[in-house]
Structure formats: C-alpha cells, structure tokens
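A quick write-up on the structure given underneath.
Side chains are part of it too, since the values below use all heavy atoms of this structure and drop only hydrogens, waters and symmetry mates.
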Amino acid sequence: MYVAVKGGEAAIDNAHRLLAEERRGNPDVPELTVAQIREQMALAVDRVMTEGSLYDRDLAALAIKQAHGDLVEAIFLIRAYRTTLPRLAVSEPIDTNAMHVRRRISATYKDLPGGQVLGPTFDYTHRLLDFALAAEGTADNTGPAPAEAPVERCARVTDLLNDEGLIQGEGDPGGPVGDITRAPVTYPCDRDVRLQTLARADEGWLLALGYSTQRGYANNHPFAGEIRMGEVSVEIVPEDLGFAVCIGEITVTECEMINQFKGSKTAPPQFTRGYGLTFGFGERKAMSMALVDRALRGGDLGEDVVAPAQDQEFVLSHGDNVEASGFVQHLKLPHYVDFQGELVTVRALRAKAEETR
Amino acid sequence: MDTGYNYAYLDEQTKRMIRRAILKAVAIPGYQVPFAGREMPLPYGWGTGGIQLTAAVIGPDDTLKVIDQGADDTTNAVSIRRFFARTAAVATTEKTTEATVIQTRHRIPETPLREGQMLIYQVPIPEPLRWMEPRETETRKMHALQEYGVMHVKLYEDIAHYGRIATSYNYPVLVNGRYVMAPSPIPKFDNPKMDRMPALQLFGAGREKRIYAVPPYTRVESLDFDDHPFEVQTWDGACALCGATDSYLDEVVTDDAGGRMFVCSDSDYCGDRRAAGHVGDQGATAADYVRVTEAGQ
C-alpha cells in the first residue's frame, strides 16, 4: 500500500543538525573564531558588508562563519538582520575628498596633487602560491610595512577636469534620496536609485556587465580616472543639536571612471562619468559598478540603448543576489501540481498527434 | 514564544504599510499594488510575499493553515507554519474548515472556503503579461489601457498550433471585468474556485514587491474563446486512497517499471474522505489514517 511521505518536521530538524555538523567540520581542527575571520578574511567581510548593505565587521564575520564561508548566504543573513533594524537617523553624505587615503591611483595622469599611492594591493603580486603561508605560525619574512602617513584631502581628478569644463557636471538634483529598501522600485528610475541598487548588487553580475561594455556592448571608452580607498567619517545631524556630529569612521573604496563621449543631440562633447562605491576594500566591484553606472546613463545622454548593460530594467532587476539566489533555488521546492498539469497537457497533445498521424 | 522580534516578525510600521497596500488592492481588484517588500528570513521565491501578507493580517485569535502543492506536510509548508507558530504564537491547523487564514502555494483547497476566511497566495511572478513583454514599463501601460490583445493572441496561437490552449497552470484570469491577473501557479483546475469565492483572496509577490487581491464574491473569469471554452484537467481514474473523482490528483511513481498511481493533492480533503469511510483501490481504512502533527507541538 502506498504511504504518503510524512514527517517533514523531523526531516527539517535533522537537516539542521547535519548542517551544524558540516559547518564545524573535523572537531580535531580548532574552531575558527569570528575575530579571526574579521581580521584575516577581511575582503570577504567587506563584500558581505557591501552587498549585505550593513557596515558591521563583526556581524559580517559571524555571518560568514554561520554560512560556512558561502558569501551569498552570508549576505542573505545580513540582509535579513538589517531589515529588522530601526532607522534612527540618516547620515550626511560622506565626504570622500576628506578621506584618509590608504590607496589612491589615477590612470589618467602620471602624477597629480596627492600623488599615486599604491597601498595594499594584489595588483603587482605574482600569483604564485606562497607555500610558506601553509606552514602556519611562521612569521612573514618581509618585515613590517613602512609606516606611511595617510594622505589627507587630495584633489579629485574629476574636479580638475571639471574646472576646465571638460567633464559632465554632477550637480545635486536636490530632493530626498530614494531608498529601495523602503519604497518599491519603479522604472525608469533615477540615478540615486540606480546607484543604490548597483551598490547592493552582486559583484559577479556587475563584473560581467562592466566587462561586456569593454567588449563592445555599449562601449564607452573608460579610463580609471581615480580609485581611492581609505577611511571617511560618518556624520549625522541630530534634530536637537542642529549641527553635524561624527558617529564613526568607515572604510570605503571609491571609483570614478572617465568616459569619452562625442556628444549627442542633447549633450555637447565632453567626458562623462561613472561612479562606484563599496564598503571596505572592494576595488573590483567599485570599478565594475562605475562602468555599469555609466552605461545606464546612456539614455540620459541621448545614446541609443542597445546593449544589455544599458538596459535599466534588465540590469537593476537581476543584480540582487539574495533575490536571484532565492528564486533560482526555489526550483527545489515541489512543483508536482504544476508538473501534473503539464503531464496531462502533453499526454493530450501527444494523443491528438497520434490520432492525426 | 520566540522573543527578540516583534509579533509575527515584522515591525508594526511595516505591517501598516502592507495593510495599506492590501486595502488598495482590495479596492482595485486584480490590480498589482507595488509595496516596499522587506527582506524576510526565508529565501525569496519561497513564499516571502505570502509570509509578509500573513504577518500583516494575522492576530492571536487566528488559526493558520499552510499548504504547498495542496499538502500540509510538504517541507516548505511545515517551515512556514513553524515560522508563524514561533513568531506569532498562533494556533495552527491542517483542517481547511477550521482555518481563518490559509497560506498556499500552487493550490486552492478542495473544500469550499467561506466568508471570513482569507486565502493568501504565494506568487512568484505577479505579471501575467511578463512572458509576452518582459518590461514593466510596457506592461504597466498595457494594464492601464486594458490592452490585453497579446494575451488573446498567445492563447489563439496555442489553438492554432496544438488545437487547444496549452497553458495548464497560472492560467490567466480577468478580474471584475477589468484587470487580467496571474492566479499564481495554481493548476487551471482551481481557477473556477476563484470566481465569486466568499473568502478574501490575497496575493503576495515578495521578490517582485507586488500585492493584489480578489475581494469576496468578485467575478473571476478564465480567458477563453466562444468556440474554445475554458476547460479544466480531468483524470480517467480516481484517488487511489479515498476514491475521490472530483479532486486534483498527483501522479506518484510507485516502482522502477513505470508503475504509477494517482492520489489527491489536497491532503486534508483526502484524509477527511478516508476518515468518513471512503476507500480507493489502494485505500487506507479510517483506522489507518492518522493525521500528522499539528505544527508547533
């Protein structure tokens, strides 16, 4: 006799137990601490903070630990936590001109005020596995890094161009800034909403789309005008005080792309901009974001919207990895009612095809 | 009750925002109301829209039933029922007749619903025109202008190609003579139950951030043509357990040789019939039938 599959509750409880066991791995190996993840997997923490949209290194490290190192799962954990937090205040815009710069490079000028500061970068490492790292506990033989005072307040490349009127001005469109976590997105949407969506978007998605613009799908000849990484203060203006107070410091990476533009019916020939910003050290994402931001401005600049990266609805509605991961993986849920409907239909269609043969 | 979160997980401001969207949805039957959907602790695509609706309408006096594919015991239904048992300390049931709020994925219960009940659908893609026009900027205009020609063309092309309409689930409906609406991926077998249903029907799409509704006793017509009227799935056999011939049947593969049997997808309906003494050709007796756990116990 057929017995329907029952006991979903017990199965779920067991799955949770198995998961906990998998997370811990071999108990003979010491357990990772959240502090170790926070300090030694800092770039993973940065990505989880950026796409999780919450600046908290400890919580991001905890999420990574809980997610067995699956960053998209960790981002989901952070998002689900973040959404329950009260909104106590809205910060003033951060001033990246006043950044304590730890890295700052420009690909458009050989030298410029503030100089080129390489900072901690993988860029010129040779990607050879360092087997010395495998022997844990051995001190790094390169010695401590030279103490270098962070550069304070250096001029931006785009401002230099702006002084000459060669680059599209940014201006402040005024009005409150949109917030996609508090209001549903309607298309077409303005740049504030686009940038917020891109800032939370999956790094891989932006990387691929940005790359596509370099390969001719909406090519806009980008130059890395400036990339800077360092610490900025976050300020709020409490209602009862009426002036700004600093509530803390965060690390951000900012990228301003400069793009050629030959002019259109609505805009004169000038350089145009793409902007990218991430929490922590997220240079790959900041650059990709800047490329995609620029591509999405095509419509405003009177360019033909022909490539995927220029298409707002396509880019913005598919970039959230929490949404995408959930919807792709929901295919694991039972669909046997729908599938039965399809079986009935296909059998009927086949019967008809047989008949008429 | 689990603490650390507000009653039914969502904060009261969010619930108010969702209730406002529900009121608008009820006032404009079949119209998709954008709402500021929140990130839920369950994944997108797994019922976050339905969960937000349930969280916004549920109270301590309610009795909640959650089904997936018609059954109370599928893992995701269990998971969602537990979520509310934990966060809202709400009574749960598997009996359609006892529930005040029923959250569903892919089915409408076989037992007719009554006034005062709420049926909350989990919706993956709220836009019925999405497969013909992926752009929301376009579909919004099409709804505004009631420009539904593409949908009829699609159904007509089915007839031209296959001699019949080949859509078997998420079959488009016209609500109150105005909006074309996606009924969510329920089988078209369930479509007639939506028409003039005494219960309030709410639809939540969490990822797509849309809420829509069919108020009680509202006209819901499945799209069709005069010479190709709408029809629902039928089976040659009956439920192997309870002998029902009027319910939606799931096909169960029983052996490697392609053996199969059909059983009710609505586990509560099937159980009640067996408890009342109905027996199918592989049926269990009433004594064999034990209702599975009430959630939270």
Side-chain angles (χ1 to χ4, degrees), chain A residues 1-12 15 53 76-77 79-84 86-87 179-188 311-314 317 320 322-346 348-349 352-353 356, chain B residues 5 9 11 34-41 43-46 48 68-71 73-79 82 105-107 124 134-137 162-164 166 168-170 185-189 207 209-210 233 235 240-241 248-252 254 261 263 265 267 282 284 292-293 295:
Chain A
M1 192 197 82
Y2 168 76
V3 181
V5 180
K6 298 272 180 195
E9 301 217 15
I12 289 174
S53 210
F76 182 14
L77 286 168
R79 289 270 192 92
Y81 173 77
R82 175 198 195 275
T83 193
T84 65
R87 298 294 175 97
D179 182 353
I180 60 168
T181 68
R182 285 296 179 272
V185 176
T186 49
Y187 298 103
D311 184 330
Q312 275 198 22
E313 278 204 57
F314 181 74
S317 52
D320 190 287
V322 178
E323 289 176 0
S325 160
F327 198 51
V328 165
Q329 296 201 65
H330 105 285
L331 294 173
K332 289 182 278 194
L333 292 178
H335 283 78
Y336 34 76
V337 163
D338 303 348
F339 189 68
Q340 181 59 214
E342 293 292 79
L343 278 174
V344 170
T345 302
V346 171
L349 292 177
K352 187 168 187 296
T356 53
Chain B
Y5 289 102
Y9 180 77
D11 59 278
F35 80 113
R38 298 292 194 255
E39 269 134 343
M40 300 301 283
Y44 283 120
W46 298 54
T48 54
D68 186 343
Q69 314 293 303
D73 55 357
T74 38
T75 40
N76 202 44
V78 170
S79 167
R82 273 182 157 192
R105 176 169 174 267
H106 294 193
R107 274 312 310 274
R135 268 158 225 288
E136 202 201 303
T137 39
Y162 313 119
R164 57 192 283 157
S168 61
Y169 61 92
N170 211 350
I186 56 171
K188 64 181 178 179
F189 179 90
R207 196 174 38 76
K209 301 182 175 57
R210 295 290 183 275
Q233 289 100 343
W235 286 263
L241 302 182
Y248 192 85
L249 299 179
D250 279 340
E251 186 167 333
V252 180
T254 49
M261 59 186 281
V263 291
S265 111
S267 53
Q282 295 186 50
V292 272
T293 54

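Listed by chain and residue number, Asp320(A), Glu39(B) satisfy the side chain to side chain donor-acceptor pair (under 3.5 Å) test with Arg79(A) (two or more places apart in sequence, or in another chain).
Ranked by heavy-atom pairs shorter than 4.5 Å toward chain B, the options Phe339(A), Tyr187(A), Phe76(A) are led by Phe76(A). Here Asn76(B) is the residue among Asn76(B), Asn170(B), Ile186(B), Asp11(B) with the most heavy-atom pairs under 4.5 Å with chain A. Of the listed residues (Phe35(B), Phe189(B), Tyr248(B), Trp46(B)), the one with the most heavy-atom contacts under 4.5 Å to chain A is Trp46(B). If you tally non-hydrogen atom pairs under 4.5 Å between each of Arg164(B), Met40(B), Arg135(B) and chain A, the highest count goes to Arg135(B). Of the residues considered (Ala80(A), Pro334(A), Ala324(A)), Pro334(A) shows the highest number of contacts with chain B, using heavy-atom pairs under 4.5 Å. Considering only heavy-atom pairs separated by less than 4.5 Å from chain A, the leading option among Lys188(B), Gln233(B), Arg38(B) is Arg38(B). Between chain B and the options Ala15(A), Pro86(A), Gly341(A), Pro184(A), the largest number of non-hydrogen pairs under 4.5 Å is found for Pro184(A). Options Leu333(A), Asp179(A), Val346(A), Leu349(A) differ in how many heavy-atom pairs under 4.5 Å they form with chain B, and the most are formed by Leu333(A).
The contact between Thr84(A) and chain B is made entirely by side chain atoms (from C-beta outward), counting heavy-atom distances below 4.5 Å. Heavy atoms closer than 4.5 Å to chain A are found in both the backbone and the side chain of Thr137(B). With a threshold of 4.5 angstrom between heavy atoms, Pro188(A) approaches chain B through its backbone and through its side chain. Residue Thr75(B) touches chain A through both its backbone and its side chain, counting heavy-atom pairs closer than 4.5 Å. Both the backbone and the side chain of Ser79(B) come within less than 4.5 Å of a heavy atom in chain A. Heavy-atom distances place both the backbone and the side chain of Pro124(B) under 4.5 Å from chain A. Residue contact with chain B, scored on non-hydrogen atoms closer than 4.5 Å, is absent for Leu77(A). Residue contact with chain B, scored on non-hydrogen atoms closer than 4.5 Å, involves the backbone and the side chain of Tyr336(A) alike. Neither the backbone nor the side chain of Gln312(A) comes within less than 4.5 Å of any heavy atom of chain B.
Nearest heavy atom pair, residue Trp235(B) against residue Val344(A), reads NE1-CG2, 4.0 Å. Annotation for His106(B) and Val337(A): closest pair O-CG1, 3.6 Å, computed over non-hydrogen atoms. Contact record, Asp338(A) with Gln69(B): N-OE1, 4.4 Å, taken as the closest heavy-atom pair.
Between atom CG of residue Asp73(B) and atom CD of residue Glu9(A) there is a gap of 10.0 Å, rounded to the nearest 0.5 Å.
Side-chain contact between Leu343(A) and Glu251(B) is present, with heavy atoms from C-beta onward closer than 4.5 Å. Using a 4.5 Å heavy-atom threshold, the side chains of Thr83(A) and Tyr9(B) count as touching.
A donor atom on one side chain and an acceptor atom on the other are found under 3.5 Å apart for His335(A) and Arg105(B).
Formation of a donor-acceptor pair under 3.5 Å by the Glu313(A) side chain with backbone atoms of Glu136(B) is found in this model.
Sequence neighbours left out, the pairs with a member in residues 323-332 of chain A that pass salt bridge (Lys or Arg N to Asp or Glu O under 4.0 Å) are Glu323(A)-Lys209(B).
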